[in-house]
Amino acid sequence: MFGTVADPTKLYILPSSIYASILEDDYETTPVFSDAVISKVEHEVLISDYLAGSLGIIVEYFRNGVWRISGDPNGKARGIIDRSIGSA
């Protein structure tokens, strides 16, 4: 298959330690209080479905990182729109 074996890793959990919000040119959300989880192996910022829902994020295309805010009109795209990301 892929030849990769997952090893145990440490996660550092900081309960109720950050405020998260969306800051766009045309929109800003009210900050949401959240936990932070830090991993020694992950190099991207990841958010949970719970936090995404609290911020009103609606995912349009997971693979390309396209999303919108719940108040956006249908068809409005935000995020990364790069067809080369993840292509094999």
Side-chain angles (χ1 to χ4, degrees):
M1 283 302 255
F2 293 102
T4 304
V5 176
D7 291 323
T9 185
K10 269 190 181 176
L11 295 176
Y12 300 92
I13 302 170
L14 307 170
S16 302
S17 59
I18 63 170
Y19 282 100
S21 62
I22 297 172
L23 301 172
E24 287 280 297
D25 291 337
D26 62 341
Y27 191 82
E28 182 175 337
T29 62
T30 302
V32 177
F33 207 39
S34 183
D35 298 346
V37 179
I38 302 167
S39 166
K40 286 187 167 189
V41 297
E42 187 55 58
H43 301 287
E44 292 184 56
V45 174
L46 304 175
I47 66 171
S48 67
D49 54 349
Y50 185 89
L51 180 57
S54 296
L55 293 171
I57 296 171
I58 298 171
V59 177
E60 295 289 331
Y61 301 102
F62 279 102
R63 183 175 181 174
N64 294 331
V66 179
W67 56 279
R68 64 187 179 90
I69 299 167
S70 60
D72 286 344
N74 286 336
K76 176 160 180 128
R78 297 177 187 265
I80 302 168
I81 307 172
D82 184 347
R83 305 291 181 235
S84 68
I85 294 175
S87 62

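A donor-acceptor pair under 3.5 Å is absent between the side-chain atoms of Ser34 and the main chain of Ile18, judged by distance alone. Panel note: side chain Glu44, backbone Leu46; no donor-acceptor pair is recorded below 3.5 Å.
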>> I'd like to know whether Leu55 forms a side chain to side chain contact (heavy atoms under 4.5 Å, CB included) with Trp67, so could you lay out the CA-CA distance, the side-chain angles of the two residues, the decisive distance to 0.1 Å, and finally the verdict.
In response: CA-CA 12 Å; Leu55 293 171; Trp67 56 279; over 6 Å; no
> Where do Glu42 and Val37 land on the side chain to side chain contact (heavy atoms under 4.5 Å, CB included) test, with the steps shown first?
Replying inline: CA-CA 10 Å; Glu42 187 55 58; Val37 179; over 6 Å; no
>> side chain to side chain contact (heavy atoms under 4.5 Å, CB included), that's the test. Do Ser16 and Asp35 meet it? Break it down for me.
In response: CA-CA 4 Å; Ser16 302; Asp35 298 346; 3.9 Å; yes
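The shortest distance between side-chain heavy atoms of Asp72 and Glu24 does not fall below 4.5 Å. Inter-residue side-chain proximity for Asn74 and Arg68 is flagged as met; some heavy-atom pair is nearer than 4.5 Å.
Rounding to the nearest 0.5 Å places CD1 of Ile69 at 3.5 Å from CZ of Arg78. Here Ile13 contributes atom CD1 and Ser39 contributes atom OG; the two are 11.0 Å apart, rounded to the nearest 0.5 Å.
The cluster map of Ile, Leu, Val, Met, Phe, Trp and Tyr, joined by side-chain heavy atoms under 4.5 Å apart, puts Ile58 and Val66 in different clusters. If you chain together hydrophobic residues whose side chains sit under 4.5 Å apart, Leu14 and Val32 never meet in one group.
Atom CZ of Phe62 sits in a sparse spot, with 12 or fewer heavy atoms from other residues, nucleotides or ligands closer than 6.0 Å.
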